[in-house]
Amino acid sequence: MKNIIPSVKGTRDFYPREMSIRTWLYGKARQVSESYGYQEYEGPLLETIELYAAKSGEELVKEQSFVFPDRSDNLITLRPELTPSLMRMVAQRQGQLHFPLRWWSYGPFWRYERPQKGRSREFFQWNIDLIGEASPEADAEMVAVMASFYKATGLPPEEVRILVNNRRLMDGELNTLGLTPEQRPQAFRLIDRRDKLSPEKWRDYALDLDLSPGQFDQLVALLENRELWKQSDEMVNFFRAIDALGVSDYVQYDPQIVRGLDYYTGTVYEGRALTPNIKRALAGGGRYDNLLADVGGAPLPGTGYAMGDVVITLLLEETGNLPQELDISPAPVLVTIFDENLLLASYRLAADLRRTGLNIACYPVPAKLGKQFKYADRIGARAALVLGPDENAQDQVTIKNLINRDQALVPQNEAPQLISKILAGEESS
RNA sequence: GCGGAUGUAGCUCAAUGGUGGAGCGCCGCACUGUGGAUGCGGUGGUUGCGGGUUCGAGCCCCGUCGUCCGCCCCA
């Protein structure tokens, strides 16, 4: 290990096993996104810093982004999130796009923060957005997509839940409590942190915001009120749609969910694991009706969320929902090399078989058959072929089913059929 | 960026301040036309790195880097 150049801090190596999980996860995102009619898109991985300075949080840009000068001394940012790129892409072609837009994306992002469990500096994120529709039913669709993803990955409502609230509703309630327009955004931060602080510290924090003890008590009562949503037509319609979409089991109202980002304007939602070991949000999003106008487009409402790959993978691992045997060879058939004289004949046999559409791995050089069979076993092959002098003289080949140890000697032109049978799990020899 | 732990073979971990080990893995042999099992043998390390204390440091001290757990932030 001494002379190996270390990897960049916070990055991950994807060995075949991890890579197959990554591909599988991407596939699930695709499957679920497309099942609701969403189209895949992608933005650049590199952006100017200005794109984020316009909209994203101060901390995200200044503290948590990878920023460096290129050879022309322009400041380049490795994208920390996708929404600004999406907003630009929409604004640039606003006139020629068909709304509502249903778009999804899956790609790498970078944030310069302290790596720890569930957080790395380079991660993959599934983004999905519905743009151009302001109805609560649009938010319900996004939440239904999220629920469908959990369902598709084998996570039942007992293990994962989507918590929902509405900022307009909360803003109105805070107004009723007598909080000034200046106090309300801070109150959102206060609410957001309730679970992270001790009750005493949280109370101190609240009183620091000049909440009176009376207001504080009312706020606490507000956050305990699981029926608060009934006071909002938007929420009522939202939950009706959730019901119709068949995902009520996964969704629950929680007055404490407000989300950290400032740009959310309406319904907000967050995927949470109910497992005690995973405390971070699995996914988070909400309605942002002012964002497009903020980057220079015509006003257009939007709603969407992002899901990072790290936490969801931890949860799927913990709940045993990751697919098994992901690290086996894509070629379930190994052609052995009997000896030097039969090397090229074996290569020809493998090439012939590939032409029939089979995935065939060839042992590269002659070796003891025992060693080659062992290798076949290790790479997860299900059939091994032997082309020895006897077989070669008759244009035959020995085909061994590595699952049940059956072995057959067949003419080479019948090999594809037999191999296909073995791979299909039919035991015939 | 702040606080706390930790770092020994490919992996999981042992070793009172006194010559660094085990299990698993890997390779080989038993088995010169056949895998998983078993047995035997072998490969395996500048104890993360750099200083310091000491007759002597894997062990104690300082620094540094990585990892992990919190905080901040958030996917």
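Atom CD1 of A:I257 is separated from atom P of B:A75 by 12 Å (rounded to the nearest Å). Spacing between atom CG of A:N341 and atom P of B:G33 amounts to 14 Å, rounded to whole angstrom units. At whole-Å resolution of the value, CZ in A:F188 and P in B:C73 are 17 Å apart. Atom-to-atom, CG of A:N401 to C1' of B:G36 comes out at 14 Å; the value is rounded to the nearest Å. Nucleotide B:A75 holds its C1' atom 10 Å from the OH atom of A:Y264, rounded to whole Å. Distance CD (A:Q64) to P (B:C71): 14 Å, rounded to an integer number of Å. For A:Q372 and B:G28, the CD to P distance is 12 Å, given to the nearest whole Å. The separation between A:R119 atom CZ and B:C69 atom P is 12 Å, rounded to whole Å.
In this structure, A:R378 reaches the B:C26 phosphate: one of its side-chain N or O atoms is under 4.0 Å from OP1 or OP2. A:K371 has a side-chain polar atom (N or O) that falls below the 4.0 Å cut-off from OP1 or OP2 of B:G28. Phosphate proximity of B:C29 to A:K368: present, with a side-chain N or O under 4.0 Å from OP1 or OP2. For A:R259 and B:A75, the shortest distance from a side-chain N or O to OP1 or OP2 is below 4.0 Å.
Comparing the same atom, C1', in B:U19 and in B:C59 gives a spacing of 16 Å after rounding to whole Å. Remark: the separation of the C1' atoms in B:G1 and B:G18 is 44 Å, to the nearest Å. Remark: the separation of the C1' atoms in B:C60 and B:U38 is 47 Å, to the nearest Å. Separation of the C1' atoms belonging to B:G20 and B:A14 is 10 Å when rounded to the nearest angstrom. One C1' atom belongs to B:U67, the other to B:C11, and the distance between them is 16 Å to the nearest Å. Here the separation of B:A15 from B:U8, taken at their C1' atoms, is 10 Å to the nearest Å. Using atom C1' as the reference point in both B:G35 and B:A30, the two lie 16 Å apart (nearest Å). B:C26 and B:U43 have their C1' atoms separated by 8 Å, given to the nearest Å.
Ion pairing of A:E34 with A:K28 is absent here, as no side-chain N (NZ or NE/NH1/NH2) approaches a carboxylate O to less than 4.0 Å. A salt bridge links A:R259 with A:E270: at least one charged nitrogen is closer than 4.0 Å to a carboxylate oxygen. A salt bridge links A:R88 to A:E47: at least one charged side-chain nitrogen sits closer than 4.0 Å to a carboxylate oxygen. Using a 4.0 Å cut-off between charged nitrogen and carboxylate oxygen, A:R121 and A:E113 do not count as a salt-bridge pair.
For A:R280, the listed nucleotide lying nearest its side chain is B:C74; candidates were B:C68, B:G35, B:C74. In the set B:U34, B:G35, B:G4, B:G35 carries the atom at the smallest distance from any side-chain atom of A:R405. Distances from the side chain of A:R111 to the nucleotides B:C74, B:G4, B:G35 place B:C74 closest. Residue A:A281 has its side chain nearest to B:A75 when only B:C69, B:G36, B:A75 are considered. Here the nucleotide nearest the side chain of A:K117, chosen from B:C73, B:A75, B:C68, is B:C68. Between B:G33, B:C68, B:G36, one nucleotide has an atom nearer to the side chain of A:F338 than all others, and that is B:G33. Considering only side-chain atoms of A:Q116, the nucleotide from B:C26, B:G66, B:C69 that sits closest is B:C69. Candidate nucleotides B:U34, B:G33, B:C73 were compared by shortest atom distance to the side chain of A:F373, and B:U34 ranks first. Here the side chain of A:E113 is nearest to one of B:C72, B:A75, B:G35, namely B:A75.
Of the residues in residues 391-398 of chain A, those lying under 4.0 Å from RNA chain B by heavy-atom distance are A:E391, A:T398.
Every pair tested for ring pair (Phe, Tyr, Trp, His ring centres under 6.0 Å) that includes a residue from residues 377-398 of chain A fails, sequence neighbours excluded, so the list is empty. Pairs engaging residues 133-159 of chain A under the ring pair (Phe, Tyr, Trp, His ring centres under 6.0 Å) rule: A:W126-A:F149 [sequence neighbours left out]. For residues 267-287 of chain A, there are no ring pair (Phe, Tyr, Trp, His ring centres under 6.0 Å) pairs, not counting sequence neighbours.
When the nearest nucleotides of RNA chain B are assigned to A:G10 and A:R114 by heavy-atom distance, the more 5′-ward of the two goes with A:R114. Both A:Y112 and A:K374 sit near RNA chain B, but only A:Y112 has its closest nucleotide nearer the 5' end.
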Can you give the dot-bracket line for RNA chain B, using ( ) for pairs inside the strand, [ ] for pairs that cross earlier ones, | for pairs with another strand and . for unpaired bases, where Watson-Crick and G-U count if both distances are under 3.5 Å? (((((((..((((....[..)))).(((((.......))))).....(((((..]....))))))))))))....
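Judged by atom type and distance alone, A:Q407 reaches the base of B:U34 through a side-chain donor-acceptor pair under 3.5 Å. Between the side chain of A:E270 and the base of B:A75 there is no donor-acceptor pair of N/O atoms closer than 3.5 Å.
Residue A:D390 is classed as a base contact, given a heavy-atom separation below 4.0 Å to a base. Base engagement by A:S120 is indicated by at least one non-hydrogen atom pair under 4.0 Å involving a base atom. Note on A:I312: nothing from the nucleic acid sits closer than 4.0 angstrom, heavy atoms only. The residue A:V386 sits close to a base: some heavy atom pair falls under 4.0 Å.
The only option from A:R168, A:R287, A:R167 that meets the salt bridge (Lys or Arg N to Asp or Glu O under 4.0 Å) definition with A:D139 turns out to be A:R287.
No close placement of the A:F109 and A:F124 rings is indicated, their centers lying 6.0 Å or farther apart. Residues A:Y41 and A:W104 keep their aromatic ring centres 6.0 Å or farther apart. In this structure, A:Y288 has its ring center at least 6.0 angstrom away from the ring center of A:Y264.
No cation-pi contact links A:R161 to A:Y250, judged by a cut-off of 6.0 Å to the six-membered ring centre and 45° from its axis.
By the 5.5 Å and 30° criteria, A:F123 is stacked with the base of B:A75.
The salt bridge (Lys or Arg N to Asp or Glu O under 4.0 Å) search around A:D192 returns none, not counting sequence neighbours.
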